[in-house]
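Below is one structure; the comments refer to it alone.
Sequence lines set the chain letters: A, B, ... in the order given, protein chains first and strands last, and positions in each chain run from 1.
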2 protein chains.
Amino acid sequence: MVRMTTRTSRTGRRADALSKERIVAAAIEILDADGESALTFRALAARLATGSGAIYWHVANKGELLAAACDDVVARAMAPAGRSTRPSDAVRNAALGVFDAIDAHPWVGTQLIAEPWQPAVVDIFERLGAPLEELGVPASGQFDAASALLSHLLGLAGQYAAGARLLPPDADRSDFLRDVAERWASLDPEEHPFVHRMAARLPRHDDRAQFLAGIDLFLAGVAGAADPAA
Amino acid sequence: MVRMTTRTSRTGRRADALSKERIVAAAIEILDADGESALTFRALAARLATGSGAIYWHVANKGELLAAACDDVVARAMAPAGRSTRPSDAVRNAALGVFDAIDAHPWVGTQLIAEPWQPAVVDIFERLGAPLEELGVPASGQFDAASALLSHLLGLAGQYAAGARLLPPDADRSDFLRDVAERWASLDPEEHPFVHRMAARLPRHDDRAQFLAGIDLFLAGVAGAADPAA
DNA sequence: ACATGTCTGGAACAAAGTTCCAGAATGGAT
DNA sequence: ATCCATTCTGGAACTTTGTTCCAGACATGT
């Protein structure tokens, strides 16, 4: 009787045996410590004290590895969400949960937008969309509203990841903001009046608060569409 | 007297001379015809009948090349926007202009989110934010509102680009949507009630209309914040 | 013991970005 | 007209990375 399954996690194997879980965990450590560009199969093999071929026995390719790492982080971020709150808070909590996860692991942002059909994104979509019913959004508008929320979230995720890619290790974020503000301020006020004006506000802005403000704008719009007479 | 500048575009040079413009134009052709993965310096050199070294004399690296190509497309997309319309229509027009550009050139989406500090994004930010003043959004909220609009746009851009990366050449988009709908429908209705419900709506949805609906949700929220008493 | 299927480690390959450099092309100075 | 410095070109070569291949170690059932 031949066991054809690949994933047999049999009982007695040496303790330091490779497994998809251990590989994903090591990948997350590398990504968090040294950024996206540091995750190579060679670095991973070195950290696991093995060869790249051994890794490929457990993981099909780099995309699958990244997706698994991303799922892992997102699943953890989604877990602690009480169902007891108001629906608008449910949306806020879900969004902030993902925001905080991306803040802690910027590479998740890259992965989320790189492959929007992966399970993690579907989960996020669910969490953002489910409360809309209770908010009184008509069925016909729920898809549009949830998609807009998701796009907002993914867009921010992408920008965050891009920022992390630019700033080598961690670096002082306020220095970076000051640089951008200077560049904005030096733009021609005739051609870019708005950006020129916003330059003054950039240095003391709070990413998280700004993100939440965006969510609230959405929710305000949704509420208006839900009961235009109220 | 030595001319130190690099960019002297002198008058008499042979007609088929390389230039950043010609290189960018060729890059756009390749990107549009065969997708992001087809743009390599070797392919570019082959199309321009030269070597990769010659290209590097005009362009610092691949990032700069992509940014230039992206700027080119975005600049064209922004051009035809009358200032005569209502401010809310100005926002819609700017957003739809970028949407249509991304629809025609999905690789622009990748580039926009990959480097959100590039000029093209600043331009978009300007066009999205400038009308907010006329909409009566208080100065303190304009930054938040414009950022939210930008994130929404970039998020959608990323998803569009991801879709184009997945579907090899052009392929029938409705086939793809049907596949995704099936996968959504096969999810556990207990765990993913919302996504499960949305599966039915997915096949006959319109990307552009959905994007515009998102913008309108935002504008509705912005209007509410602008004059909560009206 | 032996055979079979599972798993490992590292060599080897292919593709892509980038660097290097020898030399052609060009325009000004003598 | 000749020479020279500079600009520009073409392609070879280097480096890194994802991926494939494969020889063999390990464990298990007969």
By the 4.0 Å heavy-atom rule, please label A:Leu48 as base, sugar-phosphate, or nothing.
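Counting heavy atoms under 4.0 Å across all strands, no contact is made by A:Leu48.
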Which part of the nucleic acid does B:Ala60 contact within heavy-atom distance under 4.0 Å: base, sugar-phosphate only, or nothing?
nothing
What's the [atom1]-[atom2] distance between [X] and [N], to the nearest Å?
{"X": "B:Ile55", "N": "C:dA16", "atom1": "CD1", "atom2": "P", "value": "14 Å"}
{"X": "B:Tyr56", "N": "C:dT19", "atom1": "OH", "atom2": "C1'", "value": "9 Å"}
{"X": "A:Glu36", "N": "D:dG18", "atom1": "CD", "atom2": "C1'", "value": "17 Å"}
{"X": "A:Leu44", "N": "D:dT19", "atom1": "CG", "atom2": "C1'", "value": "14 Å"}
{"X": "B:Leu39", "N": "C:dT18", "atom1": "CG", "atom2": "P", "value": "11 Å"}
{"X": "B:Arg22", "N": "D:dT9", "atom1": "CZ", "atom2": "P", "value": "9 Å"}
{"X": "A:Leu65", "N": "D:dT17", "atom1": "CG", "atom2": "C1'", "value": "14 Å"}
{"X": "B:Glu64", "N": "C:dG17", "atom1": "CD", "atom2": "C1'", "value": "14 Å"}

Do B:Arg173's NZ or CZ and the ring of B:Tyr160 fall within the cation-pi criteria of under 6.0 Å and 45°?
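The answer is yes; both the distance and angle limits are met.
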Consider only side-chain N and O atoms of B:His192 and A:Asp123, and report whether a donor and an acceptor are under 3.5 Å apart.
yes
Which listed nucleotide ([options]) is nearest to the side chain of [X]?
{"X": "B:Arg42", "options": "C:dA16, D:dT19, C:dG9", "answer": "C:dA16"}
{"X": "A:Ala54", "options": "C:dT8, D:dT19, C:dG17", "answer": "C:dT8"}
{"X": "B:His58", "options": "D:dT9, D:dT17, C:dG17", "answer": "D:dT9"}
{"X": "B:Ser52", "options": "C:dG17, C:dT8, D:dA12", "answer": "D:dA12"}
{"X": "A:Ala17", "options": "C:dT19, C:dT8, C:dA16", "answer": "C:dT8"}
{"X": "B:Trp57", "options": "D:dA12, D:dC8, C:dG10", "answer": "D:dC8"}
{"X": "B:Phe41", "options": "D:dT19, D:dT17, C:dG17", "answer": "C:dG17"}

Does any N or O in the side chain of A:Lys62 come within less than 3.5 Å of the main-chain N or O of A:Leu39, such that one atom is a donor and the other an acceptor?
yes
Side chain to side chain contact (heavy atoms under 4.5 Å, CB included) between A:Leu177 and A:Arg204, worked out:
CA-CA 9 Å; A:Leu177 286 180; A:Arg204 64 182 121 79; over 6 Å; no
If the test is side chain to side chain contact (heavy atoms under 4.5 Å, CB included), which one of B:Asp71, B:Leu150, B:Val74, B:Ile113 qualifies with B:Val121?
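Looking at B:Asp71, B:Leu150, B:Val74, B:Ile113, the match for B:Val121 under the side chain to side chain contact (heavy atoms under 4.5 Å, CB included) is B:Leu150.
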With DNA chain D as reference, determine whether A:Thr40 or A:Gly53 sits nearer its 5' end, using the nearest nucleotide of each.
A:Thr40
